[in-house]
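Chain letters run A, B, ... following the sequence lines, proteins first, then strands; residues in each count from 1. All values below come from the heavy atoms of this structure, side chains included, with hydrogens, waters and symmetry mates left out.
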There are 2 protein chains.
Amino acid sequence: MKLRQTQRHTRQLQAVWEAVAEGAGHPTAEEVFHRARQRMRTISRGTVYRNLQKLVQQGRVFVIRAPDGVQHFDASVEPHDHFACCTCGCLVDVPLARELDTSTLESWGYSVVGRQLTWIGICADCRAGDRRAAS
Amino acid sequence: MKLRQTQRHTRQLQAVWEAVAEGAGHPTAEEVFHRARQRMRTISRGTVYRNLQKLVQQGRVFVIRAPDGVQHFDASVEPHDHFACCTCGCLVDVPLARELDTSTLESWGYSVVGRQLTWIGICADCRAGDRRAAS
DNA sequence: ATACCTGCAAACGATTTGCAAGGGG
DNA sequence: CCCCTTGCAAATCGTTTGCAGGTAT
């Protein structure tokens, strides 16, 4: 019953890590796959998914669920919240809302490990450009 | 360009609504399907999904995404946050965290429609009963 | 009557997994 | 060398959708 086996450092893992970390934004697995392919054109989708999982387990990458249920990956280190635009679907970092109170939860016997706060609304670009929302 | 067509009140819609509203908890579509089947054994999965969508659009039901990406349906009226146990996967209502500040977002030109806050941790039951987490 | 709805089953998109070959440590 | 890791493709899983017949209004 070994608790964790040694992590091998493969070229694929490196490519996936770089793909997540590059640029801003929060790529989906599919986007990570395409970015990683630019670095290594033989890497497969399955390997990207497997390595993303590893990075998440190691805490090197965070996962956020967009409102549509798709995973987005986030290499930011600093804790922060997110804003999801319900018009264009973009997902952006926003500063962490003020520290939230967990004492009620703890008094119930719950142990809080983290939280996920996503604001929902319309982003500045959509408000500026799109007036054709409800047609 | 009609904005909304007349909503028909079918036996199926009624069954789905009752299935979501009954009991506590936040049923998944699959659970709603099973509950609805007890009321009407011919109702189909597709119809359940379609009617859940309608209830959500009407604002009679809310959707929450569990951390695993699966939709859960919530007939509560009062706004509240959620707690997802990463051990047993349960999803429970918790009181709304104190009002959060949206002024920064608004100063960026974002229009905030809502938010979704999910605490992640270990629920009281799991803490009490399970010591076999990391084995 | 006429749209909207339903049941069924096939289609879908995201993610996972089994397998045999490949490659880090 | 051993066994973790890969590429490939098929399998899952939740959810959506096309179609032909059914049913509220």
- Return the set of residues passing salt bridge (Lys or Arg N to Asp or Glu O under 4.0 Å) with A/E31 (not counting sequence neighbours), or none when no residue passes. none
- Message: Donor-acceptor check, side chain of A/H80 to backbone of A/E78, threshold 3.5 angstrom: yes or no?
- Response: yes
- Reckon A/Q71 touches a base, only the sugar-phosphate, or nothing at all at heavy-atom distances under 4.0 Å? sugar-phosphate
- Residues which pass side chain to side chain donor-acceptor pair (under 3.5 Å) with A/T28, listed by chain and number, not counting sequence neighbours: none
- Atom-pair distance (CZ on B/R50; P on C/dG7), nearest Å: 8 Å
- Message: Give the residues of residues 39-49 of chain B touching DNA chain C, defined as any heavy atom closer than 4.0 Å, sorted by residue number.
- Response: B/T42, B/I43, B/S44, B/T47
- Residues in side chain to side chain contact (heavy atoms under 4.5 Å, CB included) contact with B/D101, at least two apart in sequence or another chain: A/R98, B/S103, B/T104
Pair up each side-chain donor or acceptor in residues 109-119 of chain A with any protein partner under 3.5 Å, not counting sequence neighbours, and list the distances.
unit_1	atom_1	unit_2	atom_2	d
A/R115	NH2	A/D81	OD1	2.9
A/R115	NH2	A/D81	OD2	3.0

- With sequence neighbours left out, what residues match B/R50 under salt bridge (Lys or Arg N to Asp or Glu O under 4.0 Å)? none
- Query: Looking only at atom types and distance, does a side-chain atom of B/T10 sit under 3.5 Å from a main-chain N or O of B/L13, one as donor and one as acceptor?
  - Reply: yes
- Task: Grab the CZ-P distance between A/F33 and D/dT6 for me, whole Å please.
- Result: 14 Å
- B/Q58 atom CD is separated from C/dC4 atom P, nearest whole Å, by 15 Å
- Query: Counting only side-chain N and O atoms of A/K54, is one of them less than 4.0 Å from OP1 or OP2 of D/dC4?
  - Reply: no
- Message: Can you measure A/N51 atom CG to C/dG24 atom C1' for me and round it to whole angstrom units?
- Response: 14 Å
- Task: Mind calculating the distance between CZ (A/R65) and P (D/dT15) to the nearest angstrom?
- Result: 11 Å
- Indicate whether OP1 or OP2 belonging to D/dT16 is found under 4.0 Å from a side-chain N or O atom of B/Q53. yes
- Item | ring-ring contact (aromatic ring centres under 6.0 Å, His included) involving B/H72 - partner list, sequence neighbours excluded | none
- Message: B/E22: which residues meet the salt bridge (Lys or Arg N to Asp or Glu O under 4.0 Å) condition with it, sequence neighbours left out?
- Response: B/R35, B/R39
- Message: Holding to side chain to side chain contact (heavy atoms under 4.5 Å, CB included), I want the full list of residues that pass it with A/V61, two or more places apart in sequence or in another chain.
- Response: A/W17, A/V20, A/L55, A/V56, A/F73
- Query: Do A/R37 and D/dG7 have a side chain to base donor-acceptor pair shorter than 3.5 Å?
  - Reply: no
- Item | Rounded (10°) bend between the five-pair end axes of the helix from C/dA1-D/dT25 to C/dA14-D/dT12 | 30°
- Query: Reckon B/Q7 has a side-chain N or O less than 4.0 Å from the OP1 or OP2 of C/dC5?
  - Reply: yes
- Sorted by number, the residues of residues 8-21 of chain A with heavy-atom contact under 4.0 Å to DNA chain C: A/R8, A/H9
- Message: If I take atom CG in residue A/L52 and atom P in nucleotide D/dT6, what distance separates them, rounded to the nearest angstrom?
- Response: 11 Å
- Message: Holding to side chain to side chain contact (heavy atoms under 4.5 Å, CB included), I want the full list of residues that pass it with B/R11, two or more places apart in sequence or in another chain.
- Response: B/M40
